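Let me begin by presenting the structure, written as C-alpha cells, before commenting on it.
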Amino acid sequence: MSGDGEAVVAAVERVAERLEAERDHLTQLDSAIGDADHGGNMARGWAKAAETARDLDDPDPETVAKTVGKTLMAEVGGASGPLFGGSLVFAGAELEGGITPETAVAFAETYLEKVEDRGDARVGDHTMVDALTPAVHTFKKSIETDERPPLEALAKATDAAERGVAFTVPIRARKGRASYLGWRSVGHQDPGATSTLFILQELLRTVA
Amino acid sequence: MSGDGEAVVAAVERVAERLEAERDHLTQLDSAIGDADHGGNMARGWAKAAETARDLDDPDPETVAKTVGKTLMAEVGGASGPLFGGSLVFAGAELEGGITPETAVAFAETYLEKVEDRGDARVGDHTMVDALTPAVHTFKKSIETDERPPLEALAKATDAAERGVAFTVPIRARKGRASYLGWRSVGHQDPGATSTLFILQELLRTVA
Amino acid sequence: MTVGLVVVSHSERAAEGIREVAAEMAGDTRIEAVGGDGQGGIGTVPDAIGDTIGSADDGDGVVVLVDLGSAVMNAEVAIEMGDVDAVIADAPVLEGAVNAAVAATDPNATIETVREQAEAARDIEKL
Amino acid sequence: MTVGLVVVSHSERAAEGIREVAAEMAGDTRIEAVGGDGQGGIGTVPDAIGDTIGSADDGDGVVVLVDLGSAVMNAEVAIEMGDVDAVIADAPVLEGAVNAAVAATDPNATIETVREQAEAARDIEKL
Ligand SMILES: Nc1ncnc2c1ncn2[C@@H]1O[C@H](COP(=O)(O)OP(=O)(O)O)[C@@H](O)[C@H]1O
Ligand SMILES: Nc1ncnc2c1ncn2[C@@H]1O[C@H](COP(=O)(O)OP(=O)(O)O)[C@@H](O)[C@H]1O
Ligand SMILES: [Mg+2]
Ligand SMILES: [Mg+2]
Ligand SMILES: [Mg+2]
Ligand SMILES: [Mg+2]
C-alpha cells in the first residue's frame with residue numbers, strides 16, 4: 001500500500017515533467033481558441049503538485065490524489081484548476097482502500113462525473129470530456145466486462161483518449177472559452193483534451 | 001440546374017455501388033452490436049433508390065434528394081430507414097434553389113438536426129450522429145468562416161467524419177440496438193456511422 | 001365515435017397477437033395491427049403504418065403503441081406524412097395496448113386520456 | 001451453457017412474435033414461446049408453460065417473461081411444479097424479452113443478471 005502511494009508520487013512527477021515539456025505546445029493550442037495559458041497553467045500546477053507530493057511522509061494513494069488535487073486547485077487557475085484539481089480531490093476518495101482494478105474503475109468514473117458536473121459539459125462539447133469519456137468507458141469495459149489486466153486496460157484507455165482528442169478537431173466548441181469563438185472553434189484541437197491525454201500517457205509509462 | 005440534378009443521380013449510383021461492395025463489412029459491424037442487417041438494409045435501399053432516381057425525368061437536386069429519401073424510407077427498414085430516408089426528404093427541401101455553397105450548408109445542417117430529432121441521439125451516443133456532427137460542423141465552418149471552395153470543404157468534412165467513426169469505437173452506446181449491450185458496446189465501431197462515412201466518400205468522389 | 005388504436009411491432013405476428021390480447025378488453029374499440037418489413041421479415045415500414053393509422057381512425061384520432069426504436073421513428077414519419085390526429089404512447093407495447101383498449105371504451109375518451117392510460121402501464125407490477 | 005428464456009402470452013401468436021423480435025438480439029440464446037389456451041383461444045396453461053421452461057433450460061436456469069395477471073400465476077404454478085431453476089421477471093413482456101435476450105448473450109450471465117436487465121426495460125423511454 002505504501003508502495004502504491006510511492007508509485008503514485010512517481011507518476012505525478014512524470015506528469016509534471018511531461019507537461020513542462022509540452023508547455024509551449026499546449027499554450028499554442030490554447031492560443032488558437034483560448035487565452036494562451038493552458039501550457040503555463042498545467043506546467044506550473046503540476047510542478048507544484050509534484051513538489052508537495054514528494055514531501056508527503058509515507059503516503060497512501062488517496063492522500064497523494066487529494067493532495068495533488070488541492071494543489072492544482074490552488075495553483076492552476078483558469079478552468080483547468082477546478083476541473084483537474086477538484087475532480088481529483090473528489091475521486092481520490094475512491095482510492096481509500098488502495099489501488100485495485102475495482103477502485104481504479106470507481107476512481108475513473110467518479111473523476112469523469114465530477115468533470116462533467118463541474119463544467120456542465122458532455123461528450124461532443126469540445127473539451128477534456130471528449131478525451132476522458134472514451135478513456136473511462138474503455139477502461140471500465142476492459143476491466144469489468146473483458147477482465148483484462150489493469151495495465152492493458154490503461155493502454156487501451158490511452159488509445160481511446162487519443163481518438164477523443166482527434167474528435168475535438170472537427171467539432172464546434174460548446175463549453176469553455178473556445179465556445180465564444182462559435183464556428184471558428186472548428187478545426188482546432190482542444191488543449192484540455194490534449195493535456196488529459198498526456199497525463200494518461202505518463203500514468204501508463206509509470207505502471208508499464 | 002438540370003445538370004446538377006444529373007450529378008446528384010450519378011452520386012446516388014456511386015453510393016449504391018459502394019454500399020453493395022461494403023454489404024458484408026457493414027453487416028459484420030452490425031452483427032457485433034446489433035442484428036446483423038445494416039449491410040443488407042443499406043445495399044438494398046440504395047440500389048432501389050438509384051433505380052428510382054435514374055427513372056426521373058430531367059430531375060432537379062431537390063427532387064432527387066426527396067425521391068431517394070422516400071425510397072429509403074420504404075425500402076430500408078430498421079432504424080436506418082427513417083434516419084437516412086426521412087432526414088433526406090426533409091433536408092431535400094433546402095435544395096429548392098439548386099445546389100450552391102449556401103444551400104449545401106443548409107441541407108447538411110437540416111439533415112443533421114433531423115437525424116438528431118428523429119433518433120433522439122446526440123454526439124457521443126455511438127450512432128451515425130458521431131460521424132455526421134464533425135462532418136457538418138467542418139463543412140459549415142469551411143464554407144462560411146474559411147470561405148473555402150465546396151470541394152475542399154467536402155473533403156475536409158469527409159476527413160472529419162472519419163474521426164467520428166473512430167470515436168464511436170471506444171465509447172458506450174446510448175441509442176439504437178447497440179445500447180442494449182451496455183458496456184459490451186464499447187470497443188465496437190458503429191455501423192451507421194461507418195455507412196455515413198462511405199456515403200460522404202462517394203459524394204466526394206462524384207464531385208472531385 | 002371512439003379513439004382508435006394501432007399496434008406496431010417489428011414482428012407481424014407479435015403485432016397481431018398483441019391486438020388479440022388487447023381486443024379482449026376493447027369492447028367496440030377499433031384496434032389495428034401492423035408489423036414486419038412487408039416481406040415476411042422483421043422490421044417496420046412507414047407507409048404500412050400510415051395506412052393502418054388511416055383505417056383505425058374514426059374521426060376521434062388514434063393512439064399508436066410501438067415496440068422498439070425504429071418502430072418509433074417509422075411511426076413518427078407515418079404520422080407526420082398522414083393527416084390523422086395520432087399520437088404515440090411512450091409505453092410498453094403489449095401492456096400499453098391493453099390499458100389503452102380499456103381506456104378507449106370510456107365514452108369520454110380522447111387520444112390524450114387513452115395515451116395517458118397506456119403510459120401508466122409502465123408502472124404495472126406483475127409480481 | 002446459457003440462461004434460457006421463455007415468453008408467455010395469452011396469445012400464442014403474440015408469444016411467438018415476441019420471440020421473433022427478441023431472437024434478433026439473442027445470438028445462441030435459447031428462447032421459447034408459449035401461449036394460448038391450448039385450443040386456439042386466448043389464455044395460458046401451466047402444463048404447457050412448464051414443458052416450455054423444461055425445453056428452454058440448458059442447466060443454467062430460465063428467465064420467464066409474462067404478459068398479464070393470469071399468465072403470471074400460471075407461470076408461478078409451472079415453476080413450483082417443475083424442477084428447473086426459473087424466475088419470473090417483473091417486466092413488460094416484449095421489451096423485457098429483448099433486454100433479457102441481450103443480457104443472456106453475456107458469457108457471465110446468470111438468471112439474476114438476466115432478470116435484472118429484463119426488469120430494467122420498465123424504464124425504457126421510447127420517445
Ligand atoms: N466547462 C468546461 N467543461 C469541461 N472542460 C472545460 C470547460 N471549460 C474549459 N474546459 C477545458 O479547459 C481547457 C482550458 O483550460 P485553461 O486554458 O487552463 O483554462 P481557461 O480556459 O480558463 O484559460 C479547455 O481546453 C477545455 O478542455
Ligand atoms: N436512435 C438513433 N439515433 C441515431 N442513429 C441511430 C439510432 N438508432 C440506430 N441508429 C443508427 O442506425 C444504425 C443501425 O442501422 P440498422 O442496422 O440498419 O437498423 P436496426 O438497428 O434497426 O437494425 C446504428 O449503427 C446507428 O448508427
Ligand atoms: Mg486558457
Ligand atoms: Mg485562462
Ligand atoms: Mg441492424
Ligand atoms: Mg434491423
Side-chain angles (χ1 to χ4, degrees), chain B residues 23-24 26-42 44-45 76-83 86-87 90 113-122 124-127 129 168 171-192, chain D residues 1-7 15-33 60 62-65 89-127:
Chain B
R23 183 194 276 262
D24 291 349
L26 292 171
T27 291
Q28 204 182 309
L29 294 176
D30 196 28
S31 78
I33 50 170
D35 56 354
D37 63 358
H38 191 60
N41 286 347
M42 294 298 279
R44 189 181 62 252
V76 172
S80 331
L83 290 167
S87 307
F90 204 84
E113 269 165 34
K114 199 67 193 172
V115 171
E116 288 182 330
D117 281 0
R118 184 69 77 202
D120 191 27
R122 292 296 171 273
D125 286 347
H126 195 294
T127 71
V129 173
T168 64
I171 59 172
R172 179 181 171 167
R174 284 188 296 212
K175 290 287 166 186
R177 282 177 187 274
S179 66
Y180 296 127
L181 288 177
W183 289 102
R184 282 187 289 148
S185 62
V186 174
H188 298 281
Q189 185 170 315
D190 184 65
Chain D
M1 298 224 304
T2 50
V3 173
L5 303 180
V6 168
V7 177
E16 286 179 355
I18 290 166
R19 182 173 57 79
E20 277 176 7
V21 175
E24 292 241 297
M25 308 291 286
D28 297 331
T29 305
R30 211 182 268 263
I31 313 184
E32 304 286 346
D60 272 358
V62 170
V63 174
V64 182
L65 286 300
D90 190 359
V93 60
L94 184 147
E95 294 80 358
V98 172
N99 267 17
V102 175
T105 60
D106 187 323
N108 301 318
T110 64
I111 55 175
E112 280 316 316
T113 62
V114 173
R115 172 175 40 189
E116 218 170 86
Q117 277 310 300
E119 294 183 350
R122 227 179 233 293
D123 304 321
I124 292 171
E125 291 190 3
K126 298 188 179 186
L127 298 182

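It should be emphasised that the depicted structure is a prediction, and the values quoted were computed from it without experimental measurement. Throughout, a chain's letter reflects where its sequence line sits, starting with A, and its residues are numbered from 1.
- Put simply, CG on B/D120 and CD on D/E125 are 8.5 Å apart, with the number rounded to the nearest 0.5 Å.
- In this view, B/D24 satisfies the salt bridge (Lys or Arg N to Asp or Glu O under 4.0 Å) rule with no residue, not counting sequence neighbours.
- Annotation: side chain to side chain contact (heavy atoms under 4.5 Å, CB included) contacts of B/S87 (sequence neighbours excluded): B/Y111, B/K114, B/V115.
- Per-residue counts of heavy-atom pairs under 4.5 Å with chain B were compared for D/D106, D/T105, D/N99; the largest is that of D/D106.
- Residues of residues 113-123 of chain D lying under 4.5 angstrom from chain B, judged on non-hydrogen atoms, do not exist here.
- Counting heavy-atom neighbours within 6.0 Å of B/Q28 CD, excluding the residue itself, gives a total of 12 or less.
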Distance-only donor-acceptor pairs under 3.5 Å for side chains of residues 176-183 of chain B, two or more places apart:
from, atom 1, to, atom 2, distance (Å)
B/R177, NE, B/D35, OD2, 3.0
B/R177, NH2, B/D35, OD2, 3.4
B/S179, OG, B/G176, O, 2.6

